[in-house]
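What you see is a predicted model, and the numbers here were worked out from it, not measured in a lab.
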Amino acid sequence: MDPRRKIFEQVANELNAFFKRVGRIWIHEEIAFLDLEHHMLGGEFRASAVPVLIDFCRSNPGYHIVSFKDGRFYNKCVQESTSYHLADGDADSDLVFEFGSRLSDQDFLQVGYTKFAPVLRAIKGGNDT
């Protein structure tokens, strides 16, 4: 097995564990039920939504913001991040997940493509009947 694939799988598992711990909300229907509108797949919000998310969290103290900036997920609102998530789990603001430390962006994309391309091809070529 390509050593990059093993690293990719470790990072993916650790990121999933981080998201479970902080309670990332990513399901479209759940976000819509909260009367919020996310911008990307996976429940991500753009920087333009930060004021709305801050107001929402002030009114609903069981929720907090997770930010992604410079290859790290922060369990708090970090200004000028690439994207933001709403979460309802562990709100410890010291929690950080360093996403980009073990694989370069290029390696991550190559391994991810190699791993998921056959699945996507099968879905695309599948018979819907």
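Under a 3.5 Å cut-off, the side chain of H85 and the backbone N or O of R24 do not form any donor-acceptor pair. A donor-acceptor pair under 3.5 Å is formed between the side chain of N75 and the backbone N or O of D92.
Criterion: ILVMFWY side-chain heavy atoms under 4.5 Å apart, direct or through other members. Under it, V96 and V78 are part of a common hydrophobic cluster. If you chain together hydrophobic residues whose side chains sit under 4.5 Å apart, I25 and L53 fall into the same group. Under a hydrophobic clustering in which Ile, Leu, Val, Met, Phe, Trp and Tyr are joined whenever their side-chain heavy atoms come within less than 4.5 Å, directly or via other members, I65 and Y63 fall into the same cluster. Residues V66 and V50 do not share a hydrophobic cluster, defined by chaining ILVMFWY side chains whose heavy atoms lie under 4.5 Å apart. Placement of F68 and L86 in two distinct hydrophobic clusters is found when ILVMFWY residues are connected by side-chain heavy-atom separations under 4.5 Å, directly or transitively.
Under the 4.5 Å side-chain criterion, counting only non-hydrogen atoms from C-beta, F45 is in contact with I31. F73 is listed as a side-chain neighbour of L15, based on a closest heavy-atom distance under 4.5 Å.
Interatomic distance, H64 NE2 to F56 CZ, rounded to the nearest 0.5 Å: 12.5 Å. Atom OG of residue S81 and atom CZ of residue R72 lie 11.5 Å apart, to the nearest 0.5 angstrom. Distance check, rounded to the nearest 0.5 Å: CE of M40 to OH of Y84 gives 10.5 Å.
A distance of 6.0 Å or more separates the ring centres of F97 and F19.
With a 6.0 Å radius and a threshold of 12 heavy atoms from other residues, nucleotides or ligands, K20 has its NZ atom at or below the threshold. In the displayed structure, D55 atom CG is contacted under 6.0 Å by more than 12 heavy atoms of other residues, nucleotides or ligands.
Taking every heavy atom of both residues into account, H38 and H28 meet most closely at CE1-ND1, 2.8 Å. Nearest approach of S67 to K76, heavy atoms of both residues: OG-O, 2.6 Å.
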